[in-house]
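Data first, discussion second: the structure below is written as structure tokens.
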Amino acid sequence: MSLGEAVIDLGAVAANVRTVAAVAGTELMAVVKADGFGHGAVEVARAAVAAGATWLGTTSAAEALHLRSAGLTTPVLSWLHAPDEDFARLIAARVDLGVSGLTQLHAVAAAARGLGLPAQVQLKADTGLSRNGARPEDWADLVAWARKYEGEDLFRVRGVWSHLANAERPADPAVTRQIDAFEDAVRVARDAGLDPPLTHLANSAAALSLPRARFDLCRIGIALYGAGPPGLRPAMTLRSRVVNVKRVPAGTGVSYGPDHVTARPATLALLPLGYADGVPRAAEGRAEVWLGGRRCPIVGRIAMDQCVIDAGDLPVRPGDPVVLFGPGPDKPAVTDWARWAGTNPHEILTGIGARVTRRYQLGEARHR
Ligand SMILES: *Cc1c(COP(=O)(O)O)cnc(C)c1O
């Protein structure tokens, strides 16, 4: 085992797909951007597809093509393109392209013409998030051009979609306004002669708790990984081992600063993971890990490569296992780390560094 290991339970990923499918009752797109939220895009994609996901979602061309080169033939939607994106290789790889504006639309059409193959296009409406997607005043033009290109056999318009700004708060009136705006966008597209087989708006939170947002398909990220929404199984366990132990008297400074001085004699256990590995520096003074059968605090500043656990009077030894987060009622969860660091579970998971080795297991996770 390396200094740190992320054990990924693909059985949990599969179970989460089935759980969300049962609640949402729609097709599911497994969102495997950012290397599957740090879990490994290809491994997660395979597990999700085997469990019934019919689509895969990625941000970048490289991510989409990586799935294809791994042999995955499942439909893939990729939605964030470089200004000079080489669309031809994506069209050739049968990757659906999210299209957000006219410049992009024309570039995709030109690539399709050059290749002699129709592009699979999913038009994105901006319904209130103000990131990607076409604004309502530009939408009619976008769908008219898409229809024209479809007539020339350069496009197959396979979807109309958008993304919610506040799906975690289903009661927010802005959510209702976004759903209404999305329905308008779909209507305008149909009136222009398009007949997109897929309309989709929901992320994990909406898939689980916002029936009106579900449409034909839900794009699930965080639910797949079981970090956040209740009733799902956490897929990742982040673990390590103690590499050094020392007994220190009261009044001992710990780590840089020192920000922390021991109040009583303590056994300090050195954990060989730091912020370069994804242990957030911002969690200083709040974070806990699982060591010796209980939760122990990380004390002092979290360094790039290591941090210090106050094990109190526990009989800790080098080599003892430490769990930073993982399933189980007592161990810290990713959501705890998100709270300690003032962020969301997504950032914790995608922040796990490249030095942490990924290991895969199927079925029930076993953890000490
Ligand atoms: C990341 C992302 C998702 C998944 O969001 P979760 O909240 O993690 O389910 C869905 N759709 C789009 C467009 C995204 O960028």
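Atoms considered below: every heavy atom in the structure, side chains included; atoms not considered: hydrogens, waters and symmetry mates. Index from 1, following the sequence. For ligands, and for the atoms within them, numbers begin at 1 and follow the listed sequence.
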Look at [atom] and say which protein heavy atom is nearest, naming residue and atom and giving the distance to 0.1 Å.
atom                    : value
atom 2 (C) of ligand 1  : Lys33 NZ, 2.5 Å
atom 12 (C) of ligand 1 : His163 CE1, 3.4 Å
atom 8 (O) of ligand 1  : Ile222 N, 2.8 Å
atom 4 (C) of ligand 1  : Gly221 N, 3.7 Å
atom 9 (O) of ligand 1  : Ser204 OG, 2.5 Å
atom 11 (N) of ligand 1 : Arg219 NE, 2.9 Å

So does Arg135 have more than 12 non-hydrogen atoms from other groups sitting under 6.0 Å from CZ?
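Atom CZ in Arg135 is not packed in, count stays at 12 or less.
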
Which heavy atom in Leu72 sits nearest to a heavy atom in Arg46, and how many Å separate them?
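Smallest heavy-atom distance, with atoms named: CD2-CG, 4.1 Å.
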
Distance under 4.0 Å to a non-hydrogen atom of [X]: what atoms of ligand 1 satisfy this?
X      : value
Phe37  : 8 (O)
His346 : 6 (P), 7 (O), 8 (O)
Asn203 : 5 (O), 6 (P), 7 (O), 9 (O)

Derivation and outcome, side-chain contact (heavy atoms from CB on, under 4.5 Å), residues Val334 and Met236:
CA-CA 9 Å; Val334 177; Met236 187 190 287; 5.8 Å; no

Asn203 side chain to Ala206 main-chain N or O, any donor-acceptor pair under 3.5 Å?
yes

Residue-level breakdown please: for Trp161 versus ligand 1, do any non-hydrogen atoms fall below 4.0 Å on the side chain, on the backbone, on both, or on neither?
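Under 4.0 Å from ligand 1, Trp161 contributes side-chain atoms alone.
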
Just do the salt bridge (charged side-chain N to carboxylate O under 4.0 Å, His left out) check on Asp126 and Arg131 with the steps written out, would you?
CA-CA 7 Å; Asp126 178 3; Arg131 295 196 320 200; over 6 Å; no

To the nearest 0.5 Å, what is the distance between CZ (Arg358) and CG (Asp35)?
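Atom-to-atom, Arg358:CZ and Asp35:CG are 6.5 Å apart.
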
Using the side-chain contact (heavy atoms from CB on, under 4.5 Å) criterion, which residues pair with Asn344? Sequence neighbours excluded.
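Applying side-chain contact (heavy atoms from CB on, under 4.5 Å) to Asn344 gives His346, Glu347.
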
Which pairs count as ring pair (Phe, Tyr, Trp, His ring centres under 6.0 Å) when at least one residue sits in residues 165-197, sequence neighbours excluded?
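Ring pair (Phe, Tyr, Trp, His ring centres under 6.0 Å) check on residues 165-197 returns Phe182-Phe215.
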
Purely on distance, is any nitrogen or oxygen of Ile220 under 3.5 Å from one on ligand 1?
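Ile220 vs ligand 1: no N/O contact under 3.5 Å.
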
